[in-house]
Amino acid sequence: QVQLVESGGGLVQAGGSLRLSCAASGLTFRRYTMGWFRQAPGKEREFVAAITWSTGSTYYPDSAKGRFTISRDNGKNTVYLQMDSLKLDDTAIYYCAVQNRLGSLSATGNYDYWGQGTQVTVSS
């Protein structure tokens, strides 16, 4: 049974930083591309970052480029999201997910396993 547990969320002032973690179990972690998504109240879940299993290549939408960094530690079955220069618009629940279907890394439908999410709140 695949389980993903996110941690590291919290309240931070605009301009600050947070590091999210996602611990995975029940799968051969090193063989899966991992993604981070977020969902703000009243909005659809949106892609934040992904890191491939094979080369460790990383991908970000324009909203995250230069501010967010995704990384993974296959020895610890953990994926991280370092978030710097946080903005009010970054306030959301952040989810990690396992890509289990071929296709776009930014499409939620290509991810079959999701964590419960961790709340990130950015204040002014």
Side-chain angles (χ1 to χ4, degrees):
Q1 181 180 357
V2 176
Q3 286 192 324
L4 303 173
V5 180
E6 300 98 335
S7 61
L11 176 64
V12 63
Q13 285 191 326
S17 298
L18 279 176
R19 188 194 194 203
L20 306 183
S21 300
C22 171
S25 60
L27 76 168
T28 306
F29 179 78
R30 67 181 184 277
R31 294 184 179 175
Y32 288 91
T33 290
M34 300 294 297
W36 283 97
F37 292 76
R38 67 186 182 188
Q39 189 165 19
K43 294 187 178 181
E44 293 187 352
R45 194 167 295 191
E46 65 174 359
F47 172 68
V48 173
I51 185 166
T52 65
W53 68 272
S54 53
T55 62
S57 298
T58 57
Y59 299 88
Y60 307 91
D62 288 344
S63 59
K65 284 179 182 176
R67 300 190 302 123
F68 293 3
T69 303
I70 187 172
S71 61
R72 65 190 299 159
D73 184 336
N74 289 336
K76 295 183 178 180
N77 286 5
T78 300
V79 61
Y80 304 97
L81 184 68
Q82 176 68 40
M83 304 187 295
D84 299 317
S85 302
L86 283 163
K87 305 175 181 179
L88 298 179
D89 288 348
D90 294 320
T91 295
I93 299 174
Y94 284 71
Y95 301 89
C96 67
V98 177
Q99 189 197 33
N100 203 34
R101 301 171 191 266
L102 294 177
S104 170
L105 293 177
S106 63
T108 57
N110 291 332
Y111 292 79
D112 281 337
Y113 304 107
W114 295 81
Q116 82 290 347
T118 186
Q119 176 71 49
V120 171
T121 302
V122 183
S123 66
S124 58

How far does [atom1] of [X] sit from [atom2] of [Y], to the nearest 0.5 angstrom?
{"X": "N100", "Y": "Y113", "atom1": "CG", "atom2": "OH", "value": "5.0 Å"}
{"X": "F68", "Y": "L86", "atom1": "CZ", "atom2": "CG", "value": "5.5 Å"}
{"X": "M34", "Y": "L81", "atom1": "CE", "atom2": "CG", "value": "11.5 Å"}
{"X": "S54", "Y": "R31", "atom1": "OG", "atom2": "CZ", "value": "13.0 Å"}
{"X": "Q1", "Y": "L27", "atom1": "CD", "atom2": "CG", "value": "12.0 Å"}
{"X": "I51", "Y": "T33", "atom1": "CD1", "atom2": "OG1", "value": "9.0 Å"}

Side chains of [X] and [Y]: closer than 4.5 Å at any heavy-atom pair?
{"X": "T108", "Y": "F37", "answer": "yes"}
{"X": "S25", "Y": "V2", "answer": "no"}
{"X": "V79", "Y": "Y32", "answer": "no"}
{"X": "S7", "Y": "T118", "answer": "no"}
{"X": "S17", "Y": "Q82", "answer": "yes"}

For W36 and L20, what are the C-alpha separation, side-chain angles and deciding distance, and is it a side chain to side chain contact (heavy atoms under 4.5 Å, CB included)? CA-CA 10 Å; W36 283 97; L20 306 183; 3.7 Å; yes
Would you say [X]'s side chain and [Y]'s backbone share a donor-acceptor pair under 3.5 angstrom?
{"X": "T52", "Y": "S57", "answer": "yes"}
{"X": "E6", "Y": "Q116", "answer": "yes"}
{"X": "Q39", "Y": "Y94", "answer": "no"}
{"X": "Q99", "Y": "R101", "answer": "yes"}

Ignoring hydrogens, what is the shortest heavy-atom contact between [X] and [Y]? Give both atom names and the distance.
{"X": "A40", "Y": "A92", "answer": "N-CB, 3.8 Å"}
{"X": "A97", "Y": "L4", "answer": "CA-CD1, 3.8 Å"}
{"X": "S63", "Y": "R38", "answer": "OG-NH2, 4.1 Å"}

Under the side chain to side chain contact (heavy atoms under 4.5 Å, CB included) rule, what do V5 and C22 come out as? Steps first, then yes or no, please. CA-CA 5 Å; V5 180; C22 171; over 6 Å; no
For the hydrophobic clusters of this structure (ILVMFWY residues joined by side-chain heavy atoms under 4.5 Å, transitively), does one cluster hold both [X] and [Y]?
{"X": "V48", "Y": "M83", "result": "yes"}
{"X": "L11", "Y": "L88", "result": "no"}
{"X": "I70", "Y": "L105", "result": "no"}
{"X": "W114", "Y": "I93", "result": "yes"}

Does R72 count as lying over the ring of F29, i.e. NZ or CZ under 6.0 Å from the six-ring centre, within 45 degrees of the axis? yes
Within 45° of the six-membered ring axis of Y95 and under 6.0 Å from that ring's centre, is NZ or CZ of R45 located there?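 So R45 does make the cation-pi contact.
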Taking it one step at a time, do Y60 and T69 satisfy side chain to side chain contact (heavy atoms under 4.5 Å, CB included)? CA-CA 9 Å; Y60 307 91; T69 303; 4.0 Å; yes
Pairs where residues 31-85 contributes a residue and the test disulfide bond (SG atoms under 2.5 Å apart) is met, not counting sequence neighbours: none
Please tell me whether F47 and Y59 form a close aromatic pair, meaning their ring centres lie under 6.0 Å apart. no
Going by distance alone, is a donor N or O of one side chain under 3.5 Å from an acceptor N or O of the other, for T78 and D73?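 Distance-only check fails for T78 and D73.
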Identify whether the distance between the nearest side-chain nitrogen and carboxylate oxygen of D62 and K65 falls below 4.0 Å.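 Salt bridge: yes.
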Not counting sequence neighbours, which residues clear side-chain contact (heavy atoms from CB on, under 4.5 Å) with S104? List them please.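 S106, A107, N110.
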Just one of D90, D89, D84 clears the salt bridge (charged side-chain N to carboxylate O under 4.0 Å, His left out) bar with R67, so which one?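 With R67 as partner, salt bridge (charged side-chain N to carboxylate O under 4.0 Å, His left out) holds for just one option, D90.
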